[in-house]
Amino acid sequence: MRFIVILLFILASFDLHAEELKIGLIPEQNIFTQKERYSYLSQYIEKEVGIKINLVMLPRYGNILEQFELAHLDGAFWGSLTGAIAVIRFNVETIVRPVNLDGTTTYRGYMIVRKGSKIKDARDMKGKKLVLVDPFTTAGYLFPRAYFRKSGVENIDTYFKSYYFAGSHDAAIYAVLEGKADVGFVKSTVFQIVSARDPQVAQRILILKKSPPVPSNAFGTKVSLDKKLKETLRKTFLAMHETPTGKETLAKFQALKFIPSPVTDYKPVYEMAREAGIELKSYYLNK
Amino acid sequence: MRKIIYFWIGSIFALFSLGVIAAFLYITLSTNKLNNLINLHQIDNLREELLVTIQTVQNDIFALRTPFDPKLETIIKNVERMDATIRECNRCHHRPEIKKRIAFIQGLEDKYKAAISFYITTSAKKELIEQYKTEALAIGTEILVHSQRLISAASKKIEITTQETLHKVEMAKKGLFLLLTFKFFLALFCAIYLVKRITRPLDTLVQAVKKITAGELGHVISLSDRTEFGILAKNFNTMSLTLKENYEKLVESETKFRTLYEYSVGWELWLNEKKEFIFCSPSCEKITGYSPEEFMGNPSLLRSIVYPDDRNLYEEHIQGFHLNDERAIEFRIIAKDGSIKTLSHLCRPIYRGNTFSGRRSSNLDVTEKKKLEAQLIQAQKMESLGLLAGGVAHDFNNILTAISGYTYLLNQTLNPDQEKQKKYISQIMEATDRAKVLTGNLLTFSRKQATELKMISLKAVLTNLYSMLKRLIRADIEVSLQTAEDERPILADPHQIEQVVMNLVTNARDAMPYGGKLIIATESLVLGEEMAGKYGAQPGPYMVIKVSDTGTGIDKEILPLIFDPFFTTKEVGRGTGLGLSMVYGIAKQHGGFVAVESEKNKGSTFFIYLPAVKEGQPTQNKDNSLQTDVEELRGNESILLVEDDPAVQMLIKDTLEAYGYPVLTAPNGTCALEIYQKYKNDIKLVILDAVIPQKTGIFLFKELVEISPSLKFLFISGYAKDYLSERQLYPDGVEFLSKPLHPHELLKVIRRTLNNHA
C-alpha cells in the first residue's frame, strides 16, 4: 500500500499528461508588451499541441528563478543569464530559441548614453547616474559588471552618483533618454524594438559599447516534463516557420523561426560571468 | 379577364410588398437608429467601463508595493481590459474627432502601460520608484480626464442622438402609418375595383339570367367588354335569343299540338302499361260529357259508361291490351247527358325501344255518321223502292195508257144512245183514273212524277187548302193554321204541296180517334250546314210546313219505317201505305226533306222543309197550256213512232192514223234508224220513248239529228221529264209528254210541234 502511494506521487511528479503548462516570462521589456508578444506564441502552441499555455508574467528577472524553484512554472522563456543559471541550478533543458528578424540567434548588450553627453567610456561615467536593468540580466547587469571590472571600476555603488535597476530594458532606455540616468546598459533586441517604435530613441541615444553575443531568450522546460510533450513542443516550435499560421505568429512575435538551443550555447554567458567575477552557481542564492 | 385579374392582384400584391418593404425600411431605419442608439448606449457603457477600468488600474498602482499589493497578473488583466475597452471604443466610434481623441487616449495608454511597467519592474530608489508611480498615476489621471471628457461629449451626443432618434422613430411611425394607411386604401381601392370589375358584369349576367328565368326570353344585355365577360355576354345574348326562338317554336308547336288535340274531333286517350290513363284530350268532354280530369281521376269511368249491350265486346277488346297489334272496334257509350253515342275506337301499342309502354287510342264519335249511314241506307232503300215503284208504275202506266186510250177511242165510237156502254166505259175510265192516281203516287214517291214548279206562297196555298181541310177533319179535332209572318216564296208544284198537306192531315186525323188538336203552321228559317247535312240537304233559307197532332204518336221502333212505301199500321183496306212515302218523295223532289218528332200517346209533328227561293233562281217552268180544236189536230205529215210497248205503240198509231197522220213504227232504236234512213225524206216527226231497247231515245235522237238537223221530235215517257233530264236521257228544249198519254193531248202536242218548227 505504501509503495503504491509513493509510486503515485512519483508518477504525478512526472506530469505524464499535463493539462496546462505554466510558462514564465521575464520583463525584458514593458510587461504588457512582453505578455502580448508571447501570447501569440502561446496561442499557436495551444492550438498545435492541444495543451493550454498559461503565460506567467514576472515582475523581475529573478522571480523566474524563484518561481521555478517553487515549481510554480513548467517552463519559461529564459533570458540568457537566467537561462544559464536555470541550466546549472535546475537542470533546465533549453529546447528552442528564436531567430531574430535580422537572422541572428543572439543578442548583445548595449552601453548607451544620450547623444551629446560627453560620456565615452567608464572614465567619463564617474559621478554619473547609472541605470541597469536587473541583476539577473546579461545585457542589463552581467555585461556592465564585466565592463566595469575590466575598466577598473570595482564598486559601482561609489563610482556612480547613483544607480538603480529599471527592471526592464525599455525602462532603462527611457531612463537614459529622459535623463533619469546618464548611462544605461540594455539589450540590443529591446533597443531595436524601442527604437523602431520611438524614433527619438535612435535620434538621441548613442551606443558606446556592445557586449559579445549571447543566445537569445530560449524556451526551456523543467526536467520532469513529459518527454513526449517536450518532444512535441520542440517539433512544433521548430516547424512553426513551415506553416502559414506559424509564419504569421512568428511575424507578430518578431522572429524568423525557432532553432534548437542546446545548453552549450550559454558558454558566452558563463565567460561573461567569469569576467564579471560572478559565480553563477551561488549567484542566485546570494541575490 | 385573366390578365386583368393578374394585373390587379399583382398590383395589390405589389402594393402590399411595397408596403412591407416600406415598413421594413422604416423599421430598419428606425431600428438602425435605435441600434445605433443602443450601440451608443453600449458604448456609453463601455466608456463607463473604461473609466472604471482605469480607476481600477489606478487603484492597483496605488496598492502596489503596499500591504494591498495586487498580483501582477491582476494588474496585467486590468490593464488588458482597459486596453481592450479603449480598442472597443475606437472600433465603435467612427467620427474623426472622436477617433482622434481615442487615439490620443491610446497614446496615453501606451505611456501609461510603460509607466506602470517601469513602476512595477524597477528596483530603484524610493524616490525614483515614487517618481515612476507618480508618472504612472498622472498618466492614468490624464487618461481618466480625457476619457471623462470623451464620455461627457459622447453622453451629450448620445442624448442628442437619442432625441433625434426618438424623433425620427416617431416620424417614422407616423410616416409608416400614413404610408400603410395610404397603401391600405389603395389596395382596398384596387380590390374593390377588381371586385367590381368582376362582379359588375357578373351581376349584369345574373340579373339577365333572372329575367330569363322569370320568362323574359330574348332579353339581351349590353356589355361592351373586351375580356371574357364580353365574350360571355355575347354568347349569353345569342343563347337568350336562341332560347326565345326555340321557345316560340316550342310554343307554336305546343299551340299547334294543343289546337290539334283540343279541337280534334277525335278523343285521344293514352294508357301506360299498367292501363293507367296518362293522357286524355279535351275532346272527350265534347263526346262523352265527362272532362279529362274525370277520366284521369277514375280509370274505370270509361268501362262504366260502355253501353251494356256492347260491354262484352269492349271487355273482349281490353283482353288484347298487351298485344302488339292495331285493333279497332265500335262500341256505344252512354254520355253524361244520357245520350247514346257510338265510338269508333282505334288503338295501337306504344313501345319505348323494345319495351311495351302502353296503348294509344283514337276515339271518334261516329254517332252522326251512323245516323247518316242509316239515313243513307234508308235513302238507298227508299231509292231502291222508288226505282222499283217507279219501274212498276212506268210499266203500269203503259198498260193504263193502252186501257185509257182505247177506252177513249171506244167511247168516241159509241152513239149517244148507247148509254149502258157509255156507263161501262165511264166506269172503266174512272177505274183507270184511280189506277193513274195510284201510279202517279208511286211515281211521285219515286220522284219520277212530273212536277210543275212555280214560285208560290205557302201561306196562299195553305190558306186556300185550309177551308177544304176543315171539311175533311172531324168536329172533335181542333184545327188551326199559323203561317209565318216572314214568309219566303218557294219554288214548288202547288198541287203536290197540297197533296203533302192532305196526306199529313189525313194521318193526323187518323191518329186522333178521340179528338185532339191539329195545328198546321209554317216557319221561315235558315238551315246551317250541320242540320242540312244531317238530312242530306243544302244549307240555306227554308220554309217549313209543320203539321202537329196530339194523337197516339208513333213508336220509336217503327219511326224509321214510316216513309217506306206500302208500310202502314192501319187496317187492311184503310190505307195504301204510300201516303208518307209520297210526302217523302215530294219533299225530296222539291229539294227538301221530311223530319218527324213523335212521342207515344203525346202526338207527332211532321216538318216539311222546302227550300226558299234565292235571288236569281228561275221560278217557273214554261207554261205550255194547249187550247186546240179537234179539227186543228188533224195532219198528214209522216211520223215515225219509236215505242217498245206494243199496246202503247198500237194506241198511238191508231190515234194518229185516225187523224190522218201516216205512221211508221219501230220497236227499238236500231230498227228506227233503219226505217228513217229509208224514209227520211218523208218523215217529218219522230215520236221517241225515252227508254227503249238497244239504243236509248237520246242516242237515237242524236243520230237522227245528225242525219237531219231539222227533223222534229217528241219525247214520251212514263218517267218525269226532270228525272230523264237529270240522267241525260232527254234533251232539253224538245217537246215532251208524260205517260199515260191522253190522245187529245198527244194530238195537240204533235200539231204544235209540227206547226212550231215549220
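Any value given below was found using the heavy atoms of this structure, including those in side chains, with hydrogens, waters and symmetry copies removed.
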Legend entry - Gap separating the CD atom of B:Q131 from the CD atom of A:E178, nearest 0.5 angstrom: 8.5 Å

Inset, instruction - Flag yes if more than 12 heavy atoms outside A:K115 fall under 6.0 Å of its NZ atom; otherwise flag no. - result: yes

Inset, instruction - Check whether B:Y119 gets within reach of chain A through its side chain, its backbone, both or neither, counting any heavy atom under 4.5 Å. - result: neither

Legend entry - Side chain B:T121, main chain A:A166, donor-acceptor under 3.5 Å: yes

Legend entry - Separation of B:Y132 OH from A:Y174 OH (nearest 0.5 Å): 11.5 Å

Legend entry - For A:P59, the option from B:L64, B:I120, B:T122 that meets side-chain contact (heavy atoms from CB on, under 4.5 Å): B:I120

Inset, instruction - Compare all side-chain heavy atoms of A:N30 with those of B:K113 and state whether any distance is below 4.5 angstrom. - result: yes

Legend entry - B:E159, CD atom: more than 12 neighbouring heavy atoms under 6.0 Å: no

Inset, instruction - Check each atom of A:Y61 against the heavy atoms of chain B and say whether the ones under 4.5 Å are side chain, backbone, both or neither. - result: neither

Legend entry - Minimal non-hydrogen separation, A:M57 against B:E73, with atom names: N-OE1, 4.1 Å

Legend entry - Nearest-0.5 Å distance, CZ of residue A:F32 to CD1 of residue B:I75: 7.0 Å

Inset, instruction - Taking atom OH of A:Y159 as the centre, report whether more than 12 heavy atoms of other residues, nucleotides or ligands fall under 6.0 Å from it. - result: yes

Inset, instruction - Against chain B, label A:L55 side chain, backbone, both or neither, depending on which of its atoms sit under 4.5 Å from a heavy atom there. - result: backbone

Inset, instruction - Could you tell me the separation between the OG atom of A:S162 and the CD atom of B:E127, rounded to the nearest 0.5 Å? - result: 10.0 Å

Legend entry - Heavy-atom proximity to chain B below 4.5 Å, by part of A:N63: neither

Inset, instruction - Let me know if B:I76 has heavy atoms under 4.5 Å from chain A in its side chain, its backbone, both or neither. - result: both

Legend entry - For chain B, the option from A:Q34, A:K180, A:K35 that forms the most heavy-atom pairs under 4.5 Å: A:K180

